[in-house]
Protein chains: 2
Amino acid sequence: MAKAQKPTINDVARLSGVSKKTVSRVINKSPLLNQATREKVEAVIAQLDYVPNPQARALALRRNFLIGLIHDNPNAQMVLGVQEGILDTIRSTEFALVVRPVDRHSPTLLDDIHRFIEQQRLYGVMLLPPLSENDELARLCRDLGCTVVRMGSARLDDEAHLVASNDQEAVSDAVAWLAELGHTRIGFIAGPDGFRSARERELGFIAGMGRAGLTIDPALLARGNYQFESGHAAGQHLLGTATPPTAIFASNDEMAAGVLHAACERGLRVPHDLSIIGFDDTAIAAHIWPPLTTVRWPIRAMARTAALKLTRPETAARDAAFFPSELVRRASAVRAPG
Amino acid sequence: MAKAQKPTINDVARLSGVSKKTVSRVINKSPLLNQATREKVEAVIAQLDYVPNPQARALALRRNFLIGLIHDNPNAQMVLGVQEGILDTIRSTEFALVVRPVDRHSPTLLDDIHRFIEQQRLYGVMLLPPLSENDELARLCRDLGCTVVRMGSARLDDEAHLVASNDQEAVSDAVAWLAELGHTRIGFIAGPDGFRSARERELGFIAGMGRAGLTIDPALLARGNYQFESGHAAGQHLLGTATPPTAIFASNDEMAAGVLHAACERGLRVPHDLSIIGFDDTAIAAHIWPPLTTVRWPIRAMARTAALKLTRPETAARDAAFFPSELVRRASAVRAPG
DNA sequence: TTGTATGCGTTATCAG
DNA sequence: CTGATAACGCATACAA
């Protein structure tokens with residue numbers, strides 16, 4: 001099956017009776033070119049089904065057409081959504097997507113990434129949260145000569161190198177929704193200290209409570225680490241207080257699921273006795289019972305834009321950097337009891 | 001910060017007073033080489049912190065050191081696990097992982113993949129289910145000169161090009177477990193027609209029922225498409241029959257979650273009134289209430305081995321191709337009522 | 001507007 | 001065992 005040989009730029013040059021350089025010009029869309037010759041060459045290219053060899057280009061340009069995706073597994077859903085989004089925009093280009101899961105706690109993190117970028121001569125890299133909050137890492141990538149776009153939940157960088165969601169506003173809306181449903185005792189489970197997203201969601205909670213004219217009861221505040229077990233523990237704690245909340249906002253879905261388990265264990269019925277709202281709209285959210293009201297990032301669209309900023313900065317650098325999140329209203333949040 | 005210039009093979013050659021070719025020989029571990037010269041060159045390499053340029057190698061060898069991961073999103077968990085597994089084995093090599101999500105229903109699927117492999121000059125590709133069941137696709141990849149390893153739930157290929165889990169046995173064990181708990185009316189929700197994994201799990205169910213001395217009631221059989229909604233519908237159907245099952249095995253976790261919803265909607269208490277078992281151990285399984293008993297593939301280990309078979313076939317081709325799955329016993333399956 | 005000569009960093013060929 | 005020299009496929013400088 002394997003066809004004899006892939007056509008090279010030489011074949012195209014010979015068959016169209018011009019020099020390699022001319023062919024190279026039409027490939028790279030050089031402006032100074034006779035329209036006639038261009039069309040002639042393009043015809044031959046089409047006829048031969050010629051595709052320039054990226055490796056040769058990489059060598060000559062000293063730069064590869066590879067986009068790196070570096071992350072420390074925020075959650076599977078997000079990583080996959082990002083991959084799909086990036087692919088949406090580079091699918092029919094010469095770019096390819098190289099992935100690199102890492103451990104942000106590794107002492108050799110920076111070295112590893114340094115080596116990775118240098119070895120693969122990456123064109124650009126995309127950083128996912130919480131790695132994207134690491135300024136030192138971003139600087140390293142840039143020093144190595146590759147563009148960086150960061151994904152996050154706040155203004156981590158200038159608009160040309162950022163796609164962000166406004167977590168603060170989204171959480172504020174969620175809390176407002178709870179207030180609208182008649183809840184006044186609203187519990188909050190924060191994400192881990194040091195995470196920008198955790199901080200933003202916290203600020204959103206405060207803003208939302210203020211907006212609704214509600215006061216914040218410190219007894220109804222807890223902190224988790226974005227993992228199920230921590231949500232479970234925080235839920236047990238919050239529900240065990242003298243005057244427990246009628247609604248709990250957890251800073252991500254995993255912790256929200258933990259709260260749900262805690263409630264079930266206490267014999268509470270969700271949402272009848274307790275409303276719960278999460279954040280991220282992972283697969284968990286739609287599949288637990290009751291289906292979880294949560295906040296959704298337009299991840300795929302964000303990744304599409306990020307890939308544009310990475311591969312075609314001249315046209316996309318000024319594309320919107322901020323994407324509105326959306327409150328997905330499902331069954332886990334209802335009118336307050338009593 | 002960017003260091004002046006990366007050292008090339010020429011620098012190494014000059015500083016160690018040998019020819020480029022000799023340096024090339026030590027890099028590629030050529031057997032015919034004077035031990036003394038080898039050590040001398042290696043010293044210089046270490047001193048210069050020299051790393052061969054993969055693009056140049058790719059050009060000269062007409063083959064890139066890229067492993068492609070082609071999939072049609074079986075589930076986020078699996079894809080990510082596979083990526084991590086592959087990275088485990090290639091992390092400190094010159095290989096990189098490039099991913100390619102595709103749509104298996106696209107009419108241009110084969111063409112797209114053809115172009116992708118040819119353009120990137122992939123070294124090898126890994127195929128995930130259900131794409132891995134496509135023999136035509138596997139053949140295409142091989143014709144294009146790259147090794148293929150397929151991941152699946154049956155003997156899809158010879159052992160050098162396969163990592164597989166024995167779904168049949170795993171399901172059989174799960175059913176046996178249900179029987180042991182006293183269940184006799186066991187419902188089964190099959191996966192979509194045409195999926196190899198669905199077929200294997202079906203056979204496992206039949207075997208398990210036989211093993212337990214139970215007869216299969218056709219009224220307790222349903223079919224879904226591996227998605228939540230289909231599990232929901234199948235659950236409603238099964239639970240609505242005259243003599244409903246006391247336990248249901250769903251061929252994956254998403255459908256199992258659907259069954260759970262159906263049960264909750266009917267006011268059934270899980271697991272008290274109905275036991276449920278799923279398959280895959282996705283994030284959903286651990287996070288729904290009650291936690292779902294399910295079957296887990298050792299995905300990461302499988303991917304590690306797959307990457308070995310891909311990058312070092314001479315040493316790994318005969319590594320084990322079959323990996324035992326494990327029944328994860330959680331709270332959703334308990335003793336039969338009454 | 002187009003062509004010539006040369007370089008990119010590595011490996012293969014084939015002498016020595 | 002080792003080394004000149006020519007690929008590999010494309011891009012850049014500089015001419016023409």
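Just so we're on the same page: letters track the sequence lines, and every chain starts at 1. Source: prediction; values computed, not measured.
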Show every donor-acceptor pair shorter than 3.5 Å between a side-chain atom in residues 36-44 of chain A and any protein atom, with sequence neighbours excluded, or say none if there are none.
from	atom 1	to	atom 2	distance (Å)
A/T37	OG1	A/N34	O	2.8
A/R38	NH2	A/S30	O	2.7
A/E39	OE2	A/Q35	NE2	3.0

For [X], enumerate each residue passing the side-chain contact (heavy atoms from CB on, under 4.5 Å) test, keeping only those at least two apart in sequence or located in another chain.
| X | answer |
| --- | --- |
| B/A76 | A/A76, A/Q77, A/L80 |
| A/R300 | A/E84, A/D88, A/R304 |
| A/N166 | A/Q168, A/E169 |
| A/A321 | A/E159, A/K309 |

Check your understanding: With B/R142, which residues qualify under salt bridge (charged side-chain N to carboxylate O under 4.0 Å, His left out), at least two apart?
Key -> B/D157
Exercise for review: Quick one: label B/V18 by what it contacts on the DNA or RNA (base, sugar-phosphate, nothing), any heavy atom closer than 4.0 Å.
Suggested key: sugar-phosphate
Practice item. Just jot down the side-chain hydrogen bond (donor to acceptor under 3.5 Å, both in side chains) partners of A/R14, sequence neighbours excluded, or say none. Key: A/D11
Revision key, fill the gap. side-chain hydrogen bond (donor to acceptor under 3.5 Å, both in side chains) filter on A/D72, not counting sequence neighbours, yields A/R104
Taking only N/O atoms, report every protein-nucleotides 12-16 of chain C pair under 3.5 Å with atom names and distance.
from	atom 1	to	atom 2	distance (Å)
C/dA12	N7	B/K21	NZ	3.2

Review point. Going by number, which of residues 33-44 of chain A have a non-hydrogen atom under 4.0 Å from DNA chain C?
Key: A/L33, A/N34, A/T37
Exercise for review: Return the angle between end axes of the helix from C/dT1-D/dA16 to C/dG16-D/dC1, with five pairs used per end and rounding to 10°.
Suggested key: 30°
Point to revise | Any pair counted as ring pair (Phe, Tyr, Trp, His ring centres under 6.0 Å), so long as it reaches residues 86-112 of chain B, sequence neighbours left out | key: B/F65-B/F95, B/F95-B/Y123
Check your understanding: Taking 4.0 angstrom as the limit, do A/E94 and A/R57 come out as a salt bridge?
Key -> yes
